[in-house]
Amino acid sequence: MWLWIHKFGSPKYFYNVSGKILPWVAGATALLIVIGLYLGLFASPADYQQRETVRIMYIHVPSAWNSMFIYLLMAASAAIGLIWNIKLADIVAAVSAPIGASFTFITLVTGSLWGKPMWGTWWEWDARLTSELILLFLYLGYIALQSAFEDRRLAARASAVLAIVGAVNVPIIYYSVQWWNTLHQPQSLGVGMSTIHPSMLWPLLIMALGFKLLYVVILLMRTRAEVLERERNNAWVQELAQALVGKSVIGSANEYR
Amino acid sequence: MSRNAAHPARVNPMGASVRQSPREYDSLVAGGEGQPALTAENLACERGDRLLFSGLNVSLGAGNLMLVEGPNGSGKTSLLRILCGLAQPSAGVVRWRGEEVGRSRERYCAELMYLGHNHGVKGDLSPCENLQIACALAGVKSGVTPEEALYEVGLAGFEDAPARILSAGQRRRVALARLLTAEARLWVLDEPFTALDTDGVMLVEKMLERHLARGGMALVSTHHEVRVTEVNIIRLELY
Amino acid sequence: MSRNAAHPARVNPMGASVRQSPREYDSLVAGGEGQPALTAENLACERGDRLLFSGLNVSLGAGNLMLVEGPNGSGKTSLLRILCGLAQPSAGVVRWRGEEVGRSRERYCAELMYLGHNHGVKGDLSPCENLQIACALAGVKSGVTPEEALYEVGLAGFEDAPARILSAGQRRRVALARLLTAEARLWVLDEPFTALDTDGVMLVEKMLERHLARGGMALVSTHHEVRVTEVNIIRLELY
Amino acid sequence: MSERPGIMSTLGALIRRDLLLALRRRAQALNPLVFFVIVVTLFPLGLGPEPNLLQKLAPGVLWVAALLSAMLSLEAMFHSDFEDGSLEQLLLIPQPVFIIVLAKALTHWLLSGLPLLLLAPLLALWLHLPGEAILVLLITLALGAPVLSLIGAIGVALTVGLRRGGVLLSLLVLPLYIPVLIMGAGAVDSAAMGLSVGAQLSILGALLAFAVTLAPWAAGAALRISVE
Amino acid sequence: MSERPGIMSTLGALIRRDLLLALRRRAQALNPLVFFVIVVTLFPLGLGPEPNLLQKLAPGVLWVAALLSAMLSLEAMFHSDFEDGSLEQLLLIPQPVFIIVLAKALTHWLLSGLPLLLLAPLLALWLHLPGEAILVLLITLALGAPVLSLIGAIGVALTVGLRRGGVLLSLLVLPLYIPVLIMGAGAVDSAAMGLSVGAQLSILGALLAFAVTLAPWAAGAALRISVE
Ligand code: HEM
Ligand SMILES: Nc1ncnc2c1ncn2[C@@H]1O[C@H](COP(=O)(O)OP(=O)(O)OP(=O)(O)O)[C@@H](O)[C@H]1O
Ligand SMILES: Nc1ncnc2c1ncn2[C@@H]1O[C@H](COP(=O)(O)OP(=O)(O)OP(=O)(O)O)[C@@H](O)[C@H]1O
Ligand SMILES: [Mg+2]
Ligand SMILES: [Mg+2]
């Protein structure tokens, strides 16, 4: 396990392996999303109560799941980067944040768009909505901190501390928000659906898997770009560039000298 | 452990440079040639309860260099800030071309360059941007471009890095480059040699020499010996 | 205009002082006498994209003075901060008495005094309070009281004014006084002569000489010549 | 050898300088906006999610949040320039001092007042404010935010020489902000209740005219004093 | 030649140092308190003077004001020490880093949390809060304010190396403050409605215990990183 982490943690190894995996994952993602969208938008029935607007669910719910999943993954990989000093983990954490923030944003937007026809209001201070909003703030804080540091190493370490503190707080925030809302407002606009018909469940699950893979694809692509950028002074990247263009196109380590 | 090699980017070609023309500054308008342009009479400065100096007279004409010397805490910085109009003396007046500097502040500032303990280089901007802004705000421009000025002070290659990451001495050099881009008649430099290496010290001396030869004036506070040749040095000893 | 009189409060009796006993520091425990106490192997430092130095070895034993020299921007400050444990090198380790300083941080800090470009004198406190606090926080005390230390550095009479109103050089002297109140084996001084007058420079040299004679060690970055006699000077040239 | 720059070109250069600095710290430049959002979201959390209550509070909460966000970003106006000696350099440019202050106030408004206009409608929706009231909110913010920046400039100029002036600053500035707050929140409140808002809006306009003409001079004088 | 000081004596020396510094700037040390008062008084101005409405708002407004006042005084915790190089000196004292952070958080609480306890009853009366609710308000402030200082210390430690971190700091810290706000304001609200508050108070207590044990370590790690 340890060896494996170190082997996979080497940027060069990662670059080569991910290059081979990427097309397959991308293909699977496209396939799943196309199938999911078809099933969701055309093959599945409209809800008897919500009518066609229910179809927003096939975007909304998978992004909501992703938004939380990515935060945990980001915090975990930031912690790994901090504790074992693995550059690749730092990159994964850094690259995940904007993706996670985007999914959170999509959740909020689709939720609002859905809320207008369903509840007659764009926004309601419901527990789940509120905690999703706070999650967006956590993401934004992480991104802001990351971009505020010049030195990448320091940026990674500082934001790792934040991500860990945030991850410890996420459950606390979640439960306190739940508490707060049920305390003040007995009449609940529950977002959950206890029973869901299989004709809607299947497309939903397919879309959820598709969105997870979409995250993986974006993650791999952005991580690869980031790896190239950070390792641009290393021999293997230089060779790669030379193979591509035929000459060294990337500044050398001592360009100031 | 100890390695020796000349650092190519820092070889400073100031001596051989032809970029800054040795043209004279426009001759002083008021007061006529030879008359002192900066005068101060009977200056006194009190800080807290201590009288730092009193009855001090200053007069500086074209081509003159005034060295303000004195031990730590003797009032050099206080004097220079008063002469720039940044602080008020507790007695006495400072005149530029016969006019009180408090009254004709804008005309005075157009011909003045001040370099204090804190040199006002923005860490978030690149040296080049720092100079461009200084240029856009300055009184009269000398025609030396920011790039040329940075080259002169030995910062070729650092033009576009944020100034924040520069070392103490490099940031000081950016501030010095400001002196080159503006056509200021009077330089007021508070310990300009701080943080500079021996190359840097020579650079400042060269800059001063050239400035004075063109008919400029300079007020310099320092604890170092200033090796400039063929100029009128006035020493002002504070104690 | 130029006046000459010795300033009574600044006559510095360091040479004749008997306050600081010339007693030796406790001999080094680990490694034994003569063994280097501070060692660093194969240090490298990368800032941004630039490699400032690599493969640098440092070893410093009792009574040794290491002068770190180099032009502006060559990495002196970066090196000193790494050797203090304030920054991480991109490669290599720093050891104090054989232990990595990252591991035994507290034991290292107990014997270390660092003076950076910013010297950490609180402007709102008086020089005396500044020193009392430094004393209360430091590792081992030397037994020199804050008042005595301030007298040594020529700040007699300024003990109780807020440090904010002191001049640049006077504030620097307060920071130097810290070196006297603590019994630190290793001094790391980044351009200690900045802002000091000639008296002040001599004072630092005297302090260094005495420290080294007692078996102390010092790492000093500077652009000046350091005139200390009878000591083992190691020069580290960065470029 | 070029001409000495005119007043307008200096003003332009100063504003360009500050915007460039803000651009370099994008994360920070967005902060007044972010702070506004955060304060507005804190209130439902502190008060509970009842839509009726929130709607009643909305004008006050939005305006108080706008005011605090303007106030908190004031300190950055001169602080870093003072610390690194740039402020002395600015005071030595051959132009009247009020130009510096005017440029600073304008930049402050561009970065803290203007973006609020874009986000305020969204936040007003969160607090269930009705449509016409949102329009009035935007008008009051458009008139009031520049006043906040201009008055703020006087406060910062007075406190720039003092370290940790941050909260001292609020003490100086908040009493002067109160008329803006009362008129701004009052107008939105009236609009939400369907009343006419002409009087409040014209008072806000008058405050703006007043601030534009007087504040730069006062702040310029304050600046020269506190940097010495 | 004296002994190397112990951990507790170092903690004491650090706190004494910061209190001495605060004493020298009395005007600034009082500011969190003043800010609290100002924010609380702004609300009646923005919302109009209806007693019923104010009473309903009181728990939320008081707690939001306490939170903002704690947050705004956070920045001063390390800022001046960083600027003048004292922070490097502190990092080189022969003690674990978390001691520094703990001392800073304690001083912050002494200067911003503790004084609120004295003034909160008065302000609560202004907002027509009933007597038992005021008692609960004091208890929640006593439990919650130290949490704010401790969590805040993490935020400041993370941003201390960044200039103009002020509002970035709030972005980092405010989401983490939300549980304290919800529990604090919730308890006061329940008390005002005559409900039981045991659950909220024990959650606040748990948060405090949690913060005391974990925050100093996280903040210490953050500090070492961001000063490098
Ligand atoms: C801005 C508004 C909204 C936000 C921020 C939001 C947020 C969320 C979140 C975070 C989840 C995942 C919860 C979990 O798995 O525990 C979720 C799930 C869901 N949301 Fe929304 N939502 C919004 C509006 C709506 C609306 C208007 C509806 C439909 C009436 C809706 C229906 C659902 C459904 C059916 C699920 C999946 C149920 C489940 O997993 O328990 N949401 N939403
Ligand atoms: N605000 C003030 N209140 C009281 N005394 C002050 C104030 N400012 C400066 N001083 C005192 O004025 C004296 C001169 O200060 P100044 O900075 O002019 O000295 P300097 O000659 O530049 O010294 P250095 O060589 O150290 O830079 C100092 O002794 C200082 O204590
Ligand atoms: N955060 C950073 N990112 C990139 N480069 C940096 C950073 N910090 C410092 N540098 C670079 O490191 C080099 C060395 O800086 P350092 O401060 O160690 O120099 P120095 O030898 O102390 O110079 P001086 O004599 O001017 O004080 C400089 O060229 C500077 O540009
Ligand atoms: Mg001086
Ligand atoms: Mg240096």
Side-chain angles (χ1 to χ4, degrees), chain A residues 71 75 78-79 81-83 85 90 101 104 125 127 130-186, chain E residues 56 59-60 147 150-155 157-187 189-190 193 195-197 199-200 203-204 206-207 210-211 213-215 217-228:
Chain A
Y71 191 89
L82 183 67
I83 296 165
N85 217 341
D90 290 342
T104 315
W125 291 95
T130 308
S131 42
E132 187 74 1
L133 183 65
I134 297 171
L135 185 65
L136 181 67
F137 288 156
L138 284 174
Y139 271 124
L140 291 181
Y142 181 92
I143 295 170
L145 185 66
Q146 184 109 48
S147 67
F149 278 90
E150 299 313 318
D151 190 308
R152 288 212 187 86
R153 199 168 42 108
L154 294 184
R157 286 162 63 191
S159 49
V161 173
L162 181 70
I164 295 167
V165 171
V168 170
N169 270 277
V170 160
I172 299 178
I173 293 173
Y174 188 78
Y175 285 111
S176 63
V177 169
Q178 205 113 28
W179 170 286
W180 158 75
N181 184 289
T182 46
L183 198 76
H184 283 271
Q185 192 201 27
Chain E
K56 235 187 200 154
V147 183
L150 285 163
I151 294 181
I154 305 177
L158 280 171
T159 52
V160 63
L162 313 167
R163 265 158 306 163
R164 274 196 257 156
V167 204
L168 171 64
L169 177 60
S170 28
L171 185 61
L172 298 185
V173 154
L174 273 178
L176 306 179
Y177 277 3
I178 284 174
V180 183
L181 171 66
I182 288 177
M183 292 304 146
D189 205 30
S190 306
M193 296 192 294
L195 305 175
S196 104
V197 295
Q200 285 120 321
I203 295 179
L204 271 181
L207 286 177
F210 207 56
T213 45
L214 292 186
W217 301 96
L223 191 60
R224 294 216 58 198
I225 292 166
S226 64
V227 170
E228 179 175 350

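Per chain, numbering begins at 1; letters A, B, ... match sequence-line order. The model shown is predicted, which means the values in this text are computed figures rather than measured ones.
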Inset, instruction - For Val147(E) and Tyr177(E), run side-chain contact (heavy atoms from CB on, under 4.5 Å): C-alpha distance rounded to whole Å, both residues' side-chain angles, the deciding distance at 0.1 Å, then the answer. - result: CA-CA 8 Å; Val147(E) 183; Tyr177(E) 277 3; over 6 Å; no

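- Contacts of Val168(A) with chain E are made by side-chain atoms alone, with heavy-atom separations under 4.5 Å and no backbone atom involved.
- Put simply, the side chain of Phe210(E) reaches to within 4.5 Å of the side chain of Ile172(A), judged on heavy atoms.
- For residues 155-170 of chain A, the salt bridge (charged side-chain N to carboxylate O under 4.0 Å, His left out) pairs, not counting sequence neighbours, are Arg157(A)-Glu228(E).
- Listed options Phe137(A), Phe149(A), Tyr175(A), Tyr142(A) were ranked by heavy-atom pairs under 4.5 angstrom with chain E; first place goes to Phe149(A).
- Applying the side chain to side chain contact (heavy atoms under 4.5 Å, CB included) rule to Val165(A) yields the partners Val161(A), Asn169(A), Ile154(E), Leu176(E), Ala218(E); only residues at least two apart in sequence or on another chain are considered.
- In this structure, the portion of Leu207(E) lying under 4.5 Å from any heavy atom of chain A is its side chain and not its backbone.
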